[in-house]
J.: 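Can you keep this structure in mind? I'll have questions shortly.
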Amino acid sequence: MNQHVEQKTDQEFALELVGLKKSFGHVEVLKDINLGVKPGETVCIIGPSGSGKSTVLRCMNRLEEASGGIVKLRGEDVSSGNVDRLRQRVGMVFQHFNLFPHKSVLDNIVLPLRQVRKMSRAAAEKLALDRLGEVGLRERADAQPASLSGGQKQRVAIARALAMEPEVMLFDEATSALDPELVKGVLSLMASLAKSGMTMVVVTHEMGFARNVADRVVFMDKGYVVEEGTPEEIFDHPKTHRLRTFLDQVL
Amino acid sequence: MNDFFNSFFNPEYLGQALPSILAYGLWNTLLLALISTAIGVVIGLLLAVLGVSRNRFLRLISRVYTDVLRGLPAILTILLVGLSLASPLRGLTGGNPYFLAILALSLIAGAYIGEIFRAGILAIDKGQMEASRALGMSYGASMRLVVVPQAARQVLPSLVNQFISIVKDTSLVYILGLMTTQRDLFRVGQDTAVQTGNLSPLVLAGVFYLVITVPLTHLVNYIDHRLRTGKPAKKIVDPEQDLRTSAVDLNAEERAS
């Protein structure tokens, strides 16, 4: 959208979390998360498992309802109110793709277009085919999801989310369930999406992707944002002991 | 040996029972079973959706209904429904117990089928609901277009099993005192057995029950096997074709608009 025109300070961020808290029962998994994502920016969230990074992501589109704090989209508080409207503006890609197995590849994309964007079948199919073309799977439009490789499934899932024309895309460990040889294709698709100016929040274990594609990297541990900065700051000049320990383990 | 054949397979008495069995006994059993299964599916779907609702009160309604109707002997429910609703529903039924029999069987079937559907819905990976919701679809649309169509495939074997059960339960409606041509297989067999003082008519009724139920039992095994082993790409067999059609039906209104 017209992201470069926005000047007002409270609309500086495409997506912003203010004092976000989340508890599951008595376990507090997010403790005071403050995070802003500027329009067109790609932010990678890294950290050990159990650090709360997926939960942060899931709070952004309210798949998890935060226990406290605010989620803002372009300065607008969306923490309460119509959750379906929020989700039209925020796309999400899951670790396990979650394609609808009873629908063809094309119908996976057509269904939400018809339901949510109320498009005609013809218009929805045209848009779906265009999006499939962009992820290189136009010829597989009539295939059943079960016949696709993991990498192809994830590309369809990305096309499905993009077809909704979201303002922000969330990626929840989008390559963690893929066979190693299929990871690269999905990552390069995500990289080109980032380059095209999409606002993205990416929870990932792929440090190479975070280093090369992210504008900013956020390191989380035990429910806190411990450090954030440019990839150089995070990977080459870690300030905290916790981040250094983490990087030693994963690199 | 001769006595044995005379008691169970006496040709004369078999022949005496056969015309009424073919004229209405078999027909009534099938009609009672099919209609109450169809209504039971509707009730069951409603109960299942209530049963997985986030609203505690709706879940409670579904729970109580299911527990009561599954917990009572079918014959008690049939008698209770038949006798208690006979006069209040006289305007609708015209005093015909046949409708009350269908109603009672449907109410019972709904409770069992509801449990089958509920289990089917819960067996669908929760990522399906999440993905659908994350795309901006409402809970209702996600249920109707994403979760339920997938659950419908999974539950088909259990549903056919339930139909077999219902076929057998139709034999209990005799207790409502149906008119001659409304009588089901069991009652026709029993009537003729009493008239002739011979068990052969009941044996014949039994054979007809088996003709209905045994092939269905094998169909269950077949579908079950297909669902577990997955479907080969080339050959499309009837049960799955039916499923595909029904899955499409659920989308029909969406397509039409």
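Letters go in sequence order (proteins before strands), and every chain restarts at 1. Remember, it's a predicted structure, so these values are computed and weren't measured experimentally.
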J.: From A:Gln115 CD over to B:Ser138 OG, what is the distance, rounded to the nearest 0.5 angstrom?
T.: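 Those atoms lie 7.5 Å apart.
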J.: Are there residues of residues 43-61 of chain B that reach to under 4.5 Å of chain A by heavy atoms, and which ones?
T.: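 Under the 4.5 Å heavy-atom cut-off, nothing qualifies.
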J.: Under a 4.5 Å heavy-atom cutoff, which of A:Arg85, A:Met164, A:Met92, A:Arg58 has the most pairs with chain B?
T.: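 Heavy-atom pair counts peak at A:Arg58.
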J.: Please walk me through it: do B:Leu135 and A:Arg160 pass side-chain contact (heavy atoms from CB on, under 4.5 Å)?
T.: CA-CA 8 Å; B:Leu135 287 161; A:Arg160 182 172 71 176; 3.6 Å; yes
J.: Let me know if A:Val90 has heavy atoms under 4.5 Å from chain B in its side chain, its backbone, both or neither.
T.: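 Backbone only.
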J.: Heavy-atom distances under 4.5 Å only: say whether A:Phe100 touches chain B with side chain, backbone, both or neither.
T.: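 Its backbone and side chain both get close to chain B.
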J.: Would you name the heavy atoms of B:Met137 and A:Leu111 that are closest together and state the gap between them?
T.: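 It is CE-CD2, 3.7 Å.
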J.: When you measure from the side chain of A:His102 to the backbone N and O of B:Leu145, does any donor-acceptor pair fall under 3.5 Å?
T.: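 Yes, the answer is positive, given that a donor and an acceptor are paired below the 3.5 Å cut-off.
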J.: With a 3.5 Å cut-off and sequence neighbours excluded, list the donor-acceptor pairs that the side chains of residues 154-172 of chain B form with protein atoms.
T.:
| unit_1 | atom_1 | unit_2 | atom_2 | d |
| --- | --- | --- | --- | --- |
| B:Thr170 | OG1 | B:Val167 | O | 2.4 |
| B:Ser171 | OG | B:Lys168 | O | 2.6 |

J.: Tell me, for B:Ser132 versus chain A, whether the close heavy atoms (under 4.5 Å) come from the side chain, the backbone, both or neither.
T.: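 Its backbone and side chain both get close to chain A.
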J.: Any heavy-atom pair between the side chains of B:Arg133 and A:Val83 that's under 4.5 Å?
T.: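 A side-chain contact under 4.5 Å exists here.
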J.: Distance from A:Glu64 atom CD to B:Glu130 atom CD, nearest 0.5 Å?
T.: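 Going from the CD atom of A:Glu64 to the CD atom of B:Glu130 covers 7.0 Å.
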J.: Between B:Gln128 (side chain) and A:Leu99 (backbone), is there a donor-acceptor pair under 3.5 Å?
T.: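 Side chain of B:Gln128 to backbone of A:Leu99, a donor-acceptor pair under 3.5 Å: yes, one is there.
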